There are 2 protein chains.
Amino acid sequence: MKRPSPDITKRKPRATAADVAEIAGVSRSAVSRAFTPGAYLDQEKRERILLAAHELGYQPNALAATLQGARSNLVAVFAGEMRNEYDKEATAALIAGLNAVGKWPVVIAGGGDTAREAVTQVLRYPLDAMILRSGSIASEIVELCSKLNIPVIASGRIIEAKGVDNICLLNHDAAALAADLLAERGRSRIALVGGPGDFGATGERRSGFLNGLDRHGLTLVGEYAGNYTTESGYFATERLLEHAEFDGIFCANDAMAIGALGALRDAGKCIPTDVSVVGFDDIEMARWPGVRLTTLRNPIDDMVDAVLSSLDRRLADPNASEQTTRLHAEIILRDTH
Amino acid sequence: MKRPSPDITKRKPRATAADVAEIAGVSRSAVSRAFTPGAYLDQEKRERILLAAHELGYQPNALAATLQGARSNLVAVFAGEMRNEYDKEATAALIAGLNAVGKWPVVIAGGGDTAREAVTQVLRYPLDAMILRSGSIASEIVELCSKLNIPVIASGRIIEAKGVDNICLLNHDAAALAADLLAERGRSRIALVGGPGDFGATGERRSGFLNGLDRHGLTLVGEYAGNYTTESGYFATERLLEHAEFDGIFCANDAMAIGALGALRDAGKCIPTDVSVVGFDDIEMARWPGVRLTTLRNPIDDMVDAVLSSLDRRLADPNASEQTTRLHAEIILRDTH
DNA sequence: CCCCTATATGAACACGTGTGCAGATCTGGT
DNA sequence: ACCAGATCTGCACACGTGTTCATATAGGGG
């Protein structure tokens, strides 16, 4: 009954297989086998062990198991700043999806130096994979993971690197659909609220939209860049109203489109009679009464499915070649076009 | 140079301290010491080791360290369904806060049986703590954690149980402030959009509001329960407009208040001239142009600070007595009251 | 020269688990 | 009664780490 460490600040350690073995009157190996389906073990003995385990709240320590080569089932998710609604919805769905298949997401939020340090620290754990939902410091992360043989899955942007799987929307095609929509409504004086240049999808959506307009012989009458927040959409639209006359406007995401709706209404415009508004993403808010935004759905469920299947593939065969999955947007017609 | 397991499906294992020791020409112990600040180790040798480690991308396996009694720094966060904006914002902030102090959140989303199973699985890891942001299956979780000596911190609801710390807003007092606000504006015919009964804060906010009204000699002219979504706020307000005449309305959260704004405007009411609207939480959207909702701030930063300091306290002294931290709401005056 | 101390180093152990191995027991067929 | 095979069980090892322990080396004061 010796207590090697009478340190009062230390928590009583959790029950171990040896503890269970003792009170169940069996060997430690038997306890391990009781938790291993298909292992040879007397039925009556197994029940006795599980009962004892339940009493103590014992479960095998997943980390100790890792040392024998078992998968950790821990997956790092680098979520970035999550400043806009779409990012939050997508991350929440991804977490739920991982949970559903028995993978446990260790989530890193934020950016800059804090995130860099966080990623480094998290890599001290034996991760099954790293999922990137933010592009910041991506190349450093990829390099670190590659040294550690940790598969990387990028979602929402393309990262060209060895061993990185990509899941990304066909932004170009989707934005072209927005142009079709406005043209078919007979809109001819079109404005654009774009995004910041440091995000890959911004350029794809812009060029896709311009391409689509071109197919209908249309060009932009005005353009202003926001930063994907609602406030910036409001502000951008105010500026556009000052300098140009337009009857259709495409915003590179829904948050900005909702800002645009506010600015147009405050300016006395009637939607969609005076101006058609088309957004991008189909966030929850776009469905709300009083908003009912026409938009292009950036399909979160498809994204999660693709990430999970990519994860499966990579775990089954670590040497599998890189794979890029491109997702298709769907037109959602509501009341603003 | 023997390969005990030529299994092609198995990933090449990460570098270990022994690998680093070999290429640096030192003992394995020296490698461990190189990563332990303050340990006796020749300066030149330490540099050589760190260089070799960097080359291999080596970092000590945090889980193996756990076996010697080190903290895992893993913290489970049970986030629930995250159906409304406030939950998403609060969870994102909590994750970022944990990251900032070197704790790594393993996030569980969802509810029901899936969540129950998920919690059980996650408890196989040696967690530093369990943070609850959802009340569903709370009592089961608390019992499991108590057996495993894992401290539990509940945020957003009070859980009366041994070893559980609580962080919770003073909902009653805050809702009473909303009543003051409406009364001071001279509103006399007041309606309420409440929440579902299975959430503790709902009752506190309702009784606090009624109490506040009573202090001004006012009573409700109408009441309808929503489910904390914007759609339900819109619907509830429509119903209230059918059956009662009111000039002030309090909604138990901002999402429903925003729905109420939509319903009131669609009914031709002018805000705040005809009707004052007060929400609860101060989500990001409440600040948006075109919304500018008057509301009561449910202070996320304070919540995160309280959770972190509770975590600190619990880790420093596992036998510390339970602690309940009550947070204060702040009145945010904008354009709807 | 010796002695004491501060510094440096590697061997060995402990942590909790899964599993290979060898031995024990049981089953059923001749 | 005997043997082959199936079923069961415990011992011992490996996994990657931090730390104690004993030992070795260097430095400084007498």
Side-chain angles (χ1 to χ4, degrees), chain A residues 2-5 7 10-22 24-49 53 56-73 123-127 148-149, chain B residues 2-5 7 10-22 24-49 53 56-73 123-127 148-149:
Chain A
K2 62 175 173 184
R3 287 274 165 70
S5 63
D7 189 345
K10 230 165 207 166
R11 198 202 306 174
K12 180 154 71 82
R14 60 193 285 156
T16 129
D19 300 335
V20 177
E22 190 171 351
V26 296
S27 78
R28 214 222 0 110
S29 308
V31 176
S32 180
R33 280 190 254 267
F35 282 88
T36 307
Y40 282 133
L41 187 59
D42 186 66
Q43 185 57 27
E44 185 267 343
K45 195 185 258 190
R46 166 171 266 139
E47 280 165 14
R48 195 157 33 116
I49 293 173
L56 267 60
Y58 169 80
Q59 296 198 233
N61 182 329
L63 295 195
T66 288
L67 292 182
Q68 338 285 359
R71 291 222 173 95
S72 73
N73 288 323
L123 285 175
R124 293 170 83 118
Y125 299 85
L127 302 174
L148 295 170
N149 301 113
Chain B
K2 62 176 173 182
R3 287 273 165 72
S5 63
D7 190 346
K10 230 165 206 165
R11 196 200 311 173
K12 180 154 71 84
R14 58 194 284 157
T16 133
D19 299 335
V20 177
E22 189 172 352
V26 297
S27 76
R28 220 237 335 127
S29 307
V31 176
S32 181
R33 280 191 256 266
F35 283 87
T36 308
Y40 283 133
L41 187 60
D42 186 68
Q43 185 58 25
E44 185 267 343
K45 195 184 260 193
R46 167 171 263 137
E47 280 165 14
R48 195 154 36 112
I49 292 172
L56 267 60
Y58 170 81
Q59 295 198 234
N61 181 328
L63 295 194
T66 289
L67 291 182
Q68 340 284 359
R71 291 224 173 94
S72 72
N73 288 323
L123 285 175
R124 292 170 86 118
Y125 300 85
L127 302 173
L148 295 169
N149 301 112

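In this text, all values refer to a predicted model and were calculated from it rather than measured experimentally. Residue numbers start from 1 in every chain, and the chains themselves are labelled A, B, ... in the order their sequence lines are given, proteins ahead of strands.
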Q: Give a yes or no on whether the backbone of B/P126 and the side-chain of B/S72 come within a donor-acceptor separation of less than 3.5 Å.
A: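 Yes: the side chain of B/S72 pairs with the backbone of B/P126.
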
Protein-proximity profile, nucleotides 20-25 of chain C, B/S/- by nucleotide at the 4.0 Å heavy-atom cutoff, equals B-----

Sorted by chain and number, sequence neighbours left out, side-chain contact (heavy atoms from CB on, under 4.5 Å) with A/A17 holds for A/R28, A/V31, A/Y58

side-chain contact (heavy atoms from CB on, under 4.5 Å) filter on B/A62, not counting sequence neighbours, yields A/R124, A/Y125

- prompt: Reckon B/K45 has a side-chain N or O less than 4.0 Å from the OP1 or OP2 of C/dA8?
  reply: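 Checking B/K45 against C/dA8: no side-chain N or O falls below 4.0 Å of OP1 or OP2.
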
*asked:* For a quick test of reading the model: is some side-chain N or O of B/S32 closer than 4.0 Å to OP1 or OP2 of D/dG18?
replied: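 Looking at the OP1 and OP2 atoms of D/dG18, one of them is under 4.0 Å from a side-chain N or O of B/S32.
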
Of the listed nucleotides [options], the one nearest the side chain of [X]:
X	options	answer
A/A64	C/dG16, D/dT19, D/dC13	C/dG16
A/P60	D/dG18, C/dG18, D/dT9	C/dG18
B/D42	C/dG10, C/dT9, D/dC8	C/dT9
A/L67	D/dG16, D/dG18, C/dT7	D/dG16
A/S27	C/dG10, D/dT9, D/dG10	D/dG10

Rounded to whole Å, please give me the gap between [atom1] in [X] and [atom2] in [N].
X	N	atom1	atom2	result
A/E44	D/dC8	CD	C1'	13 Å
B/R48	C/dT9	CZ	C1'	13 Å
B/R124	C/dG16	CZ	C1'	13 Å
B/L41	D/dT19	CG	P	14 Å
B/I49	C/dG10	CD1	C1'	12 Å
A/R14	C/dG16	CZ	P	10 Å
B/Y40	D/dA24	OH	C1'	15 Å

Rounding to 0.5 Å, atoms CG (A/L67) and CG (B/N61) come to a distance of 6.5 Å

CG (A/L56) and CG (B/L148) are apart, to the nearest 0.5 Å, by 9.5 Å

Could you check whether [X] gets within reach of a base, just the sugar-phosphate, or nothing at all, counting any heavy atom under 4.0 Å?
X	answer
B/T16	sugar-phosphate
B/Y58	sugar-phosphate
B/L63	nothing

### Message
Among residues at least two apart in sequence or on other chains, which ones pass side-chain hydrogen bond (donor to acceptor under 3.5 Å, both in side chains) with A/E22?
### Response
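In terms of side-chain hydrogen bond (donor to acceptor under 3.5 Å, both in side chains), with neighbours along the sequence ignored, A/E22 is linked to no residue.
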
Taking only residues two or more places apart in sequence, or in another chain, which ones meet B/N73 in a side-chain hydrogen bond (donor to acceptor under 3.5 Å, both in side chains)?
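With neighbours one apart ignored, the set is B/K103.
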
Residues pairing under salt bridge (charged side-chain N to carboxylate O under 4.0 Å, His left out) where one sits in residues 33-45 of chain A, two or more places apart or in two chains, turn out to be A/E44-A/R48

Closest to the 5' end of DNA chain C, once B/A39 and B/R28 are matched to their nearest nucleotides, is B/A39

